[in-house]
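Please read these numbers as outputs of a predicted model, since none were measured by experiment.
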Amino acid sequence: MSRPAKAAKGNKAEEQDRRDILPAVASASSISTGTTLSIHPEIRTGNDVVEFYAKYGQDSPIKFFYCNRAPAGVLFRPYDLLVTTREEVGPKYFTISATGVMHIKKGEQSSFTSLGDWMKDEAMFNLISQIKYFRTYLIGRCFRRWHKEVRRKLFARVRNSVCSKLFLAKPTFCQHLVEINQFVSDISQIKMSYCNSNHLYQLEEYSDLQVVTREQKAKPALESTSEKVQQIVERVCKEAQKQARIYQESIRDVAELDDTTGVELFQGRDSGKARSMMAIKAEKIQRAK
């Protein structure tokens, strides 16, 4: 049999299949969408609808199908559609016809994508989703957020520990150290020598100029700053003595700190671990108050 004869025979078979199915499709077009789905139970997804129109084209009496977006879950799958009835469409739904896909949003402007562009975009999306960066993006993002939170908690723990032990963070000394640091910065701005770049000095003249600069400008500024720093130190000493006095007054007798009478030296009978001297003294302080 020649090739033209085989082609003609194949076209006749395809045409016969189309004639066999079109009456059922035609009858389905005049009834509800639910009945149409019962006649074509194999049409369940958007890809099934695309294959249906690719096979029958615009000659099909069913002009379009209603679709809802499939439940997304964790992964984002914008091109996964499920065929539904008109009564069950959501606020945002799709209609697929032989010409393209219409995205309908109630209260918003609808958008149309040709069937060829839809299939191309879906294929590109699926291809890009297989790239390692996008495939593991959610896992990587969760890990980075977890790692960042752990580092933040560790930093906060170390910061609190440093604030409780660091000398510079003590409330009694912190503000005064800032003031002294400011005075030290002022000292660095004091000029201990002077020279005019536009004037040619003789050796004796230059020596006298430096003596005058140190004695009349630098020395008074240093003495003034030193007095201010001394006043701050004296004020800190008074505050430290005041706090020490308040602490001692809160204890009936200083000897109470060394008295372990009535204090459990061990945490429990079964633990066998000796308590530290700091814990013992803390208990004695509480008892002495």
Side-chain angles (χ1 to χ4, degrees), residues 3 6-7 10-11 13-18 20-22 24-26 28-29 32-152:
R3 292 184 179 178
K6 290 182 179 180
N11 293 335
E14 184 178 353
E15 184 66 23
Q16 184 63 33
D17 293 340
R18 180 176 296 186
D20 292 340
I21 196 172
L22 282 181
V25 175
S29 63
S32 64
T33 309
T35 307
T36 303
L37 295 179
S38 64
I39 297 175
H40 301 283
E42 72 280 1
I43 302 178
R44 293 299 181 186
T45 65
N47 291 333
D48 295 337
V49 176
V50 172
E51 293 179 1
F52 176 81
Y53 283 118
K55 184 176 182 179
Y56 300 106
Q58 298 183 359
D59 295 337
S60 173
I62 301 179
K63 299 304 180 184
F64 57 87
F65 287 82
Y66 292 96
C67 295
N68 284 329
R69 183 164 285 165
V74 178
L75 299 178
F76 178 63
R77 302 289 302 174
Y79 294 95
D80 291 351
L81 304 180
L82 296 178
V83 178
T84 185
T85 62
R86 183 176 183 179
E87 293 77 13
E88 295 178 352
V89 295
K92 299 180 181 180
Y93 62 96
F94 299 81
T95 60
I96 304 178
S97 64
T99 57
V101 180
M102 179 74 74
H103 188 193
I104 301 173
K105 305 176 185 179
K106 294 182 179 180
E108 299 181 18
Q109 185 177 1
S110 302
S111 59
F112 176 80
T113 305
S114 64
L115 210 57
D117 291 342
W118 176 271
M119 296 174 63
K120 178 182 176 182
D121 294 343
E122 181 182 8
M124 291 298 297
F125 177 82
N126 293 333
L127 183 62
I128 293 175
S129 299
Q130 297 304 317
I131 299 176
K132 183 178 180 181
Y133 173 81
F134 297 102
R135 188 174 69 250
T136 61
Y137 176 76
L138 290 178
I139 299 175
R141 182 179 180 184
C142 293
F143 176 79
R144 287 190 295 271
R145 293 188 64 178
W146 169 82
H147 186 259
K148 182 178 180 181
E149 183 66 17
V150 170
R151 287 179 60 85
R152 186 190 67 81

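- Within 6.0 Å of the NZ atom in K63, the count of heavy atoms belonging to other residues, nucleotides or ligands exceeds 12.
- In I139, the CD1 atom is not crowded: 12 or fewer heavy atoms of neighbouring residues, nucleotides or ligands sit closer than 6.0 Å.
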For residues 90-102, run the donor-acceptor check on the side chains, cut-off 3.5 Å, and write out each pair with its distance to 0.1 Å, sequence neighbours left out.
residue, atom, partner, partner atom, Å
S97, OG, T99, N, 3.4
S97, OG, T99, OG1, 3.0
S97, OG, G100, O, 3.4

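- Pairs passing the side chain to side chain donor-acceptor pair (under 3.5 Å) check and including a residue from residues 107-116, sequence neighbours excluded, read S114-D117.
- Remark: D80 engages R77 in a salt bridge (charged side-chain N to carboxylate O under 4.0 Å, His left out) (not counting sequence neighbours).
- Residues that satisfy the ring-ring contact (aromatic ring centres under 6.0 Å, His included) test with F134, not counting sequence neighbours, are absent from this structure.
- Closest approach of R69 to L81, counting heavy atoms only: CA-CD2, 3.9 Å.
- Proximity of a side-chain donor or acceptor of D121 to a complementary backbone N or O of W118 within less than 3.5 Å is not detected.
- Listed for the Y79 side chain is no donor-acceptor partner under 3.5 Å among the backbone atoms of M119.
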Derivation and outcome, side chain to side chain donor-acceptor pair (under 3.5 Å), residues N126 and S129: CA-CA 5 Å; N126 293 333; S129 299; 5.3 Å; no
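- Every side-chain contact (heavy atoms from CB on, under 4.5 Å) that E88 has, sequence neighbours left out, goes to T84, T85.
- Using the six-membered ring where Trp is involved, F64 and Y66 have ring planes that are perpendicular, over 60° apart on the 30 and 60° scheme.
- Annotation: the span from T45 atom OG1 to F65 atom CZ amounts to 11.0 Å, rounded to 0.5 Å.
- The salt bridge (charged side-chain N to carboxylate O under 4.0 Å, His left out) analysis of residues 124-152, with sequence neighbours excluded, yields the pairs E149-R152.
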